[in-house]
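Computed from a predicted model, the values in this text were never measured in an experiment. Excluded from the calculations below are hydrogen atoms, water molecules and symmetry mates; all remaining heavy atoms, backbone and side chain alike, are included.
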Amino acid sequence: MTVFRRLYGDHVLHLLVLLAALALGAYTISVLGVDQLFNPRVWWQSIAVWFAVAVIGHDLILFPLYALAERLLPKARRPADPATTRRVPIVNYLRMPTLATALTFAMFLPGIVEQGAFTYTAATGLTQEPYLARWLLLVAGFYLVSAACYLVRSVTTRTRPVHPATR
């Protein structure tokens, strides 16, 4: 196992998941066919183009932006005596709901800004009015759950014994 980790660089499970993902991609392409992935008549609607744009958009634009935002966050300083300070860092309790907010905003943006309202109404008989209010409720729920988790973690951290018994 140590030889494999030294040669591959990670655990065997990582390689198995990677191979399963590649097999799923190959199966999808074999079922759909290559001609379904790229449509030369309406090229911008092709799956391959959207995939390439997503990769470029994430790797070249979004990743550097959120890596920069991460670097701008204040570093958690370790106190000289951990027994005197029992604070839970809030960074992750803000990071997770913010990430969920951004992802749901990206998913529901057309509905939130009522893009394609006529087509949506014609297809469903409904309006896109509730999208913004429901998304805002979802965001409030994300931050509320995160705040509750932070509160529970803060309380349980303060009630633990300072020095656990060593055996």
Side-chain angles (χ1 to χ4, degrees), residues 1-77 88-147 149-150 153:
M1 189 59 97
T2 308
V3 174
F4 179 80
R5 185 174 282 236
R6 194 169 14 123
L7 289 174
Y8 179 66
D10 206 347
H11 198 268
V12 168
L13 185 60
H14 181 270
L15 179 62
L16 292 175
V17 170
L18 177 68
L19 291 174
L22 290 173
L24 179 64
Y27 174 74
T28 303
I29 291 172
S30 70
V31 168
L32 285 176
V34 177
D35 57 328
Q36 294 296 318
L37 295 177
F38 187 75
N39 182 358
R41 288 178 279 129
V42 191
W43 65 270
W44 59 272
Q45 290 181 349
S46 300
I47 294 171
V49 173
W50 280 92
F51 184 74
V53 168
V55 168
I56 291 168
H58 176 266
D59 293 352
L60 297 179
I61 298 169
L62 291 178
F63 179 74
L65 286 177
Y66 61 73
L68 177 65
E70 179 75 23
R71 285 175 110 14
L72 294 176
L73 289 174
K75 299 278 185 219
R77 284 174 257 165
V88 176
I90 197 167
V91 173
N92 286 335
Y93 295 94
L94 291 175
R95 180 184 293 144
M96 292 311 294
T98 303
L99 177 63
T101 297
L103 289 174
T104 55
F105 182 72
M107 280 176 32
F108 298 116
L109 179 63
I112 292 169
V113 298
E114 297 184 16
Q115 179 185 9
F118 177 75
T119 307
Y120 184 82
T121 304
T124 64
L126 304 171
T127 66
Q128 291 176 316
E129 257 181 57
Y131 271 84
L132 177 61
R134 290 177 182 168
W135 177 74
L136 290 173
L137 283 172
L138 190 63
V139 168
F142 290 152
Y143 282 99
L144 186 65
V145 167
S146 184
C149 290
Y150 178 73
R153 179 74 188 267

For this session: Please assess T101 against W135 for the test side chain to side chain contact (heavy atoms under 4.5 Å, CB included), listing each intermediate value before the final yes or no.
Result: CA-CA 9 Å; T101 297; W135 177 74; 3.7 Å; yes
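Atom CZ of F51 sits in a sparse spot, with 12 or fewer heavy atoms from other residues, nucleotides or ligands closer than 6.0 Å.
Distance NE2/H14 to CZ/R5: 11.0 Å, rounded to 0.5 Å. If you take CZ on R153 and OH on Y93, they are separated by 4.5 Å, rounding to the nearest 0.5 Å. To the nearest 0.5 Å, the span separating CE on M107 from CD1 on I112 amounts to 10.0 Å. Between the CG atom in L62 and the CD1 atom in I56 there is a gap of 12.5 Å [rounded to 0.5 Å]. The distance from the CG atom of L72 to the CD atom of E70 is 9.5 Å, given to the nearest 0.5 Å. Taken to the nearest 0.5 Å, the OG1 atom of T127 stands 14.5 Å off from the CZ atom of F118.
In terms of modelled atom types and a separation under 3.5 Å, the side chain of T104 and the main chain of A100 share a donor-acceptor contact. Side-chain N or O atoms of Y150 include none that pairs as donor or acceptor with a backbone N or O of L94 at under 3.5 Å.
Among all heavy-atom pairs drawn from L15 and F4, the shortest one is CD2-CZ, 3.6 Å. Across all non-hydrogen atoms, the minimal contact from H58 to P64 is O-CD, 4.2 Å.
Ring-centre distance between F63 and Y66: below the 6.0 Å cut-off.
The side-chain heavy atoms of V113 and Y131, taken from C-beta on, include no pair separated by under 4.5 Å.
Judged purely by distance below 3.5 Å, without hydrogens or angles, the side chains of Y143 and T98 pair a donor atom with an acceptor atom.
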